[in-house]
Structure formats: C-alpha cells, structure tokens
A.B. asks: 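I'd like to ask you about the structure that follows.
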Amino acid sequence: MAIDPAELRKVMGCFATGVTVITTRDQNGKPYGLTANAVTSLSLTPPLLLICVDRKAETFPHFFDSKLFVLNILAAHQEAISRRFATTGGDKFTGLDFHLGRLDTPILDGTLGHVECRIIETLEGGDHVIHIGQVEHAEAEEKRPLLFFRGKYRHLADS
Ligand SMILES: Cc1cc2nc3c(=O)[nH]c(=O)nc-3n(C[C@H](O)[C@H](O)[C@H](O)COP(=O)(O)O)c2cc1C
C-alpha cells in the first residue's frame, strides 16, 4: 500500500538539514528564487550537485530559461529570508541585498556560502524534477547555519 504523503513528509522531516535559497534568472535577467532543502552534493570530480524543484513552483520554468542556478546556503540569522522565498508570489527580491555572480545570476548577501552552477542534466522525479548542476564557482564563510528539522527552523546548540 502506498504511503500517505503527509506521513512521508513527517518521516522525512526527521532528517535534519540546512536551508538554502536557490536563485535563477530568466532570459531578461529577472531574478527568481525559492527556499529548498532537497539539495545534495553529488560528485567532486567532476564537481556536481543536485537540486529538486517542485513542478508547481512559480520559479520552476525559469530554470529552463537560463539553465543556471545559485545555491545560497542560509546563515542562522536568515530565517526571514527563508520564509520570504518559501512563499509564492510577489517580487521576492524587493529590498533584499544581493549581487550578480560570475554567471550573472543573483547571489544573496550575508549567507554562509554559495555555489554557482550550470544545469547539465534534468531528470524526472515524480512531482519534482532533479536538476544536476555543474559547479562553476563555490565559496563559504565561518558563520553559523540555519537548520530545519521536524517542520521548524532550528539552530546549532553547540558552540
Ligand atoms: C525548509 C523548506 C524547504 C523546502 N524545500 C524545497 C525543495 O527542496 N524544493 C522545492 O521545490 N520546494 C521546496 N520548498 C517549498 C518552496 O520553497 C515553496 O513551494 C515556494 O513557495 C516556492 O516558491 P515559488 O512558487 O515562488 O517558486 C521548501 C520550503 C521550506 C520551508
């Protein structure tokens, strides 16, 4: 018997993760983005990572426009940014500090780190698609991460 989606969400919510905002742009340079934790490092040689994007997300078509994305890894103080990018509609970038990276794709300021990627393959994944990104550039800073566990934002307890 197929598992109930709400039950699966509850079980997978026990898998603690960091929180990212994946940004992209359309052909005219308009920025888009969504909060995501279904992301993973895939390969070091060649350098690859993958992201999973809901087909229903407004941002969904824009990954196919530019075939580019940036994985922005949120710092502990950036919960409001996560909430903003987890809400559909409106211009999510209004009043937000960001700059364009090497691929002319938005990089959020104040994060823990970011990875700039070129999409080299897209796979079917049920109600999501899996974009495999070739890493063009990556950097990180010494900051504390924002975490997500059992449906709530969390912070590291250790120093
Ligand atoms: C912690 C967290 C993790 C999420 N992870 C993903 C994810 O990996 N992929 C995805 O497509 N949506 C994910 N979402 C949901 C999207 O952020 C949400 O559907 C958002 O409204 C999409 O924005 P858009 O419709 O403007 O593109 C996540 C939300 C939260 C709060």
Side-chain angles (χ1 to χ4, degrees), residues 3-43 48-98 103 105-108 110-135 138 140 143-157:
I3 187 164
D4 172 50
E7 183 61 20
L8 180 56
R9 180 189 287 258
K10 193 172 146 199
V11 171
M12 291 311 295
C14 299
F15 185 57
T17 67
V19 182
T20 76
V21 169
I22 303 167
T23 49
T24 189
R25 60 171 164 83
D26 67 13
Q27 305 96 322
N28 303 318
K30 187 172 182 335
Y32 293 87
L34 80 169
T35 299
N37 64 353
V39 308
T40 192
S41 177
L42 176 63
S43 164
L48 302 174
L49 57 78
L50 66 79
I51 61 172
C52 303
V53 180
D54 193 332
R55 294 173 180 278
K56 295 188 296 301
E58 273 191 8
T59 313
F60 177 79
H62 303 298
F63 290 101
F64 296 93
D65 293 343
S66 64
K67 296 231 164 220
L68 299 169
F69 67 84
V70 178
L71 188 80
N72 299 271
I73 305 167
L74 297 189
H77 68 283
Q78 294 183 308
E79 182 177 326
I81 292 180
S82 176
R83 290 184 185 280
R84 177 193 290 226
F85 279 90
T87 307
T88 299
D91 182 356
K92 299 178 180 180
F93 290 82
T94 302
L96 196 70
D97 292 328
F98 70 96
L103 305 175
T105 303
I107 296 174
L108 306 187
T111 64
L112 198 65
H114 64 263
V115 189
E116 294 173 74
C117 294
R118 203 176 286 283
I119 295 173
I120 57 161
E121 198 172 349
T122 300
L123 308 170
E124 301 294 317
D127 54 11
H128 283 53
V129 297
I130 304 159
H131 291 302
I132 297 178
Q134 176 178 292
V135 177
K143 285 185 182 171
R144 295 174 75 80
L146 182 63
L147 304 177
F148 200 72
F149 174 63
R150 290 198 166 133
K152 290 190 177 143
Y153 292 98
R154 317 271 182 167
H155 297 98
L156 284 180

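Remember, it's 1-based here, ligands and their atoms both numbered in the order they're listed. All figures in this text were calculated on a predicted structure; none of them were measured in a lab.
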A.B. asks: Do Leu34 and Ile22 have side-chain heavy atoms sitting under 4.5 Å apart?
C.D. replies: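 Yes - at least one pair of side-chain heavy atoms lies under 4.5 Å apart.
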A.B. asks: Below 3.5 Å, N or O to N or O, backbone or side chain included: is there any such pair between Tyr153 and ligand 1?
C.D. replies: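 Tyr153 vs ligand 1: no N/O contact under 3.5 Å.
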A.B. asks: Tell me if a side-chain donor or acceptor on Thr111 pairs with a main-chain N or O of Asn72 at a distance below 3.5 Å.
C.D. replies: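 Not a single qualifying donor-acceptor pair exists.
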A.B. asks: Pull out every atom of ligand 1 sitting under 4.0 Å from any heavy atom of Ala38, numbered as shown with elements.
C.D. replies: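 Contacts of ligand 1 toward Ala38, numbered from 1: 8 (O).
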A.B. asks: Does Lys30 count as lying over the ring of Tyr32, i.e. NZ or CZ under 6.0 Å from the six-ring centre, within 45 degrees of the axis?
C.D. replies: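 Lys30 over Tyr32 ring: yes.
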A.B. asks: Whether Glu79 and Lys152 form a salt bridge (side-chain N of Lys/Arg under 4.0 Å from carboxylate O of Asp/Glu) is what I want to check.
C.D. replies: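 The answer is no: the pair does not qualify as a salt bridge.
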A.B. asks: Are any of the N or O atoms of Thr88 closer than 3.5 Å to those of ligand 1?
C.D. replies: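 Looking only at distances, the answer is yes, because the N/O contact criterion of under 3.5 Å is met.
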A.B. asks: Out of Ala86, Gly90, Gly33, whose heavy atom is nearest to atom 21 (O) of ligand 1?
C.D. replies: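 Answer by nearest heavy atom: Ala86.
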A.B. asks: Considering only protein heavy atoms, which is closest to atom 9 (N) of ligand 1, and at what distance to one decimal place?
C.D. replies: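 Atom 9 (N) of ligand 1 sits closest to the protein heavy atom Cys52 O, 2.8 Å.
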A.B. asks: Are any of the N or O atoms of Leu34 closer than 3.5 Å to those of ligand 1?
C.D. replies: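 N/O-N/O distance below 3.5 Å does not exist for this pair.
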A.B. asks: Relative to atom 23 (O) of ligand 1, which among His128, Glu79, Lys92 owns the nearest non-hydrogen atom?
C.D. replies: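 Among His128, Glu79, Lys92, the closest heavy atom to atom 23 (O) of ligand 1 belongs to Lys92.
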A.B. asks: Pairs of nitrogen or oxygen atoms closer than 3.5 Å, one from Asn37 and one from ligand 1: do any exist?
C.D. replies: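 Yes; the residue has a nitrogen or oxygen that sits under 3.5 Å from a nitrogen or oxygen of the ligand.
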A.B. asks: Looking at atom 27 (O) of ligand 1, what's its closest protein heavy atom, distance included?
C.D. replies: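 Answer, as residue, atom name and distance: Thr59 OG1, 2.4 Å.
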A.B. asks: Any N or O of Val19 that comes nearer than 3.5 Å to an N or O of ligand 1?
C.D. replies: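 No - when backbone and side-chain N and O of Val19 are compared with those of ligand 1, no distance drops under 3.5 Å.
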A.B. asks: Specify the protein heavy atom at minimum distance from atom 30 (C) of ligand 1: its residue, its atom name, and the distance to 0.1 Å.
C.D. replies: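 Scanning the protein heavy atoms, the shortest distance from atom 30 (C) of ligand 1 goes to Thr35 CG2, 3.8 Å.
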A.B. asks: Near Asp54, which atoms of ligand 1 are under 4.0 Å from a heavy atom of that residue?
C.D. replies: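 This gives 10 (C), 11 (O) as the contact atoms.
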A.B. asks: Using heavy atoms and a 4.0 Å limit, tell me yes or no: is Tyr32 in contact with ligand 1?
C.D. replies: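 Contact absent.
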